[in-house]
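What follows is one structure encoded as structure tokens, with my remarks underneath.
Because the structure is a prediction, the values reported are computed rather than measured. A note on names: the letters A, B, ... follow the listed sequences, proteins ahead of strands, and every chain is numbered from 1.
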2 protein chains.
Amino acid sequence: MLGWGGAGLALGAAVAGGAVAAATAGEDRTAPAAASGAAVPFHGAHQAGIATAVQDRLHFASFDVKTRDRAELVRLLQDWTRAAEQMTAGDTVGEGAYGGLAEAPPDDTGEALGLKPSRLTLTVGFGPSLFDARFGLGDRRPAALVELPKFAGDNLDPARSGGDLCVQACADDPQVAVHAIRQLARIGFGKVAVRWSQLGFGKTSSTTPEAQTPRNLMGFKDGTRNIAGTDTAALGKHVWVSRKDGPAWLVGGSYLVARRIRMNIETWDRTSLKEQEDIFGRDKGEGAPVGRARERDEPFLPAMLPTAHVRLAHPDSNGGARMLRRGFSFTDGTDGLGRLDAGLFFLAYQRDVAHGFVPVQRSLASDDLNEYIQHVGSALYAIPPGVRDKDDWWGRALFS
Amino acid sequence: MLGWGGAGLALGAAVAGGAVAAATAGEDRTAPAAASGAAVPFHGAHQAGIATAVQDRLHFASFDVKTRDRAELVRLLQDWTRAAEQMTAGDTVGEGAYGGLAEAPPDDTGEALGLKPSRLTLTVGFGPSLFDARFGLGDRRPAALVELPKFAGDNLDPARSGGDLCVQACADDPQVAVHAIRQLARIGFGKVAVRWSQLGFGKTSSTTPEAQTPRNLMGFKDGTRNIAGTDTAALGKHVWVSRKDGPAWLVGGSYLVARRIRMNIETWDRTSLKEQEDIFGRDKGEGAPVGRARERDEPFLPAMLPTAHVRLAHPDSNGGARMLRRGFSFTDGTDGLGRLDAGLFFLAYQRDVAHGFVPVQRSLASDDLNEYIQHVGSALYAIPPGVRDKDDWWGRALFS
């Protein structure tokens, strides 16, 4: 009982911190990461799961739409929204796992019974292919929602790329995230099918600058200069689609770039510390930029090799481009050669891909890191704005 | 700061509870699961990671030995032991991730820097194939360490089965477990190669009866009647190899059966609640056996269908056979048909496979659950006793 009392105190502190953040940002989803198991509000101007303090675990799924019936797709998005409202609040879907009729399959598969909401967020996106001839959405496609160009070194697997719809499930408990994707796939049975999915076990970018910066599987701190979930100005400038950008249905939304980046772990691990640090442009222990003492010191780009990762990715090298990164490390067992199939599932939210991911990735073409990584999956989605209230649903403005 | 204070209080409570358990069980590894991030002692009469309260996450790796040099294999086991001592204490391997020479690869890949020990345990096992002609161990092979018989319904993938050595890494933080396996694979470069590996994201069996029983991906509580890590009598009777059993080098050790059990999730999810409950012989919500009110009530087997899972797996149906189960749920993305590649990675420790897994699995041949599951990977290992102290190493008694 003492343990729970302690957790209660910690939760109180986290909520108090969150209230301060909310007063600043006008957003109540940006409370510092807490192992409290609390619920993140589902309704709001923006979808949760973007500015939300990054949770510990990810289950990401990309779906192909199988139905050709627009009304059926709309009903699915409505059903998904209702299920998401329930699950993010810590409830089961529909009548639950052991309510309803004994002669019928339960509405909920039950493996999250007894688990806390664990800060579950569910974030939906629409891929470029959704705007083809099937659903009459051709003239609603945002001009910016086009397939990404081919980048140097891309080795994309079509089976791990693209998709009509995506759902990003993040939670501090992986069973809660996996449960959520499974319920949505189940609700969509016959109407949508999972095209590919990805589990992530460790966040690599934090959106809470006061927290310890996480490390990627190369052992380096990642996301030191990420956009903070509480930085309203930066979110407005770099993440949320504005009225000026349009289209109207996407205002308050964003664009998501997802890339499965395989790391050649075994090769990297045989590289000298000096080479590793030169490649990143930071030291490994503290994470300080070349010639600086502390992780958060402003990098002095001319001190770095022209090919240093920090230098090539820096906004000053890319016309000011910034993205809100929310990537996760993955390890999907072993490949046929006994090497770890591991790396970074890169997720980045941005207001404008043409001034976000595209120039940065082009700049990274000369990155020496490319000797140790390969992009093997890719997808782009338009992320609609938040679900306002109980009468609203994911994509209503798009389909109205 | 308040949050850490709270965690400190919780840790204090957990340690106090552990002290009571140790006084009873003569074993200090059985403290109740705590989200404290504490270290589990590495040295002891038995290896940690068996009676230890089950952690939240798993990374399991099976290795093929590539060297033919017995002395090199011995050195590897010594090096692994030293690295395990460091990592389970929360330290980096060797000189660490940014110690040593800048011109050399770091001794530790660094992604666990700044993370807590997270109750990491590393448990080593020896497969039957290690006792072939290569290392002169043929006459030391325990008579009980033979390949498992083929069971009804087995559909085993050789690439997910067998192996000369295994390491079970369990921790409350997946990055800590993945980091540990990676360091061992790296230390073994050229001498061993990963044959297959498995990540588990949610424990399905608890060894702490006072804790909430976890649910498997079928939504049912799993492991209600598991052997408790504090139950010295049951551990002695069912888990630890005794002097009477032999061989001498294995006394204080155990046998581990690992089975990758794929669940046909999508089919199960369309099954009625009644059929699901009939198949298991428990109700889904509370987990009570048929005709009983509470989860932990003694099952009355004649009240169940002859094919009910609880009835078929019960010790009374299997000559008293019991195992200490330590399985984890897995989700490895999606298969080529858009179905979740998910299920249970079954891990069970036992004193005698011929009176443990073998009769129980034979009994389960008539289990209606088989319509919804398939065993796709299998391995058996002899688990040597614990590493006693700083001069001891994994397998010393076997190789002496």
Counting only non-hydrogen atoms closer than 4.5 Å, does [X] touch chain B with its backbone (N, CA, C, O), its side chain (CB onward), both, or neither?
{"X": "A/Arg57", "answer": "side chain"}
{"X": "A/Leu217", "answer": "both"}
{"X": "A/Glu266", "answer": "neither"}
{"X": "A/Ala193", "answer": "neither"}
{"X": "A/Arg270", "answer": "both"}
{"X": "A/His179", "answer": "neither"}

(request) May I ask you to say whether A/Lys116 pairs ionically with A/Asp173, meaning some side-chain N is under 4.0 Å from a carboxylate O? (result)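 The answer is no: the pair does not qualify as a salt bridge.
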(request) Start with the C-alpha gap between A/Leu113 and B/Lys221, add the side-chain angles, then the distance that decides, and say whether side-chain contact (heavy atoms from CB on, under 4.5 Å) holds. (result) CA-CA 10 Å; A/Leu113 282 171; B/Lys221 292 183 182 176; over 6 Å; no
(message) Side chains of A/Gln276 and A/Lys284 only: does a donor on one sit below 3.5 Å from an acceptor on the other?
(response) yes
(message) Checking side-chain polar atoms at under 3.5 Å, does A/Glu103 have a donor or acceptor matched by the opposite partner on B/Ser272?
(response) no
What part of [X] gets within 4.5 angstrom of chain A, counting heavy atoms only: side chain, backbone, both, or neither?
{"X": "B/Gln175", "result": "both"}
{"X": "B/Thr271", "result": "backbone"}
{"X": "B/Asp108", "result": "backbone"}
{"X": "B/Asp332", "result": "neither"}

(request) Please confirm whether A/Phe328 and A/Phe345 have ring centers closer than 6.0 angstrom. (result)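 They do not qualify: ring centres at least 6.0 Å apart.
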(request) Quick one: sort the B/Phe280 and B/Phe220 rings into parallel, tilted or perpendicular, breaks at 30° and 60°. (result)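 Ring orientation of B/Phe280 relative to B/Phe220: parallel.
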(request) Could you tell me how the ring of A/Trp196 sits relative to the ring of A/Phe60: parallel (under 30°), tilted (30 to 60°) or perpendicular (over 60°)? (result) parallel
(message) So which residue, A/Pro174, A/Gly110, A/Ala112, ends up with the most heavy-atom pairs under 4.5 Å with chain B?
(response) A/Pro174
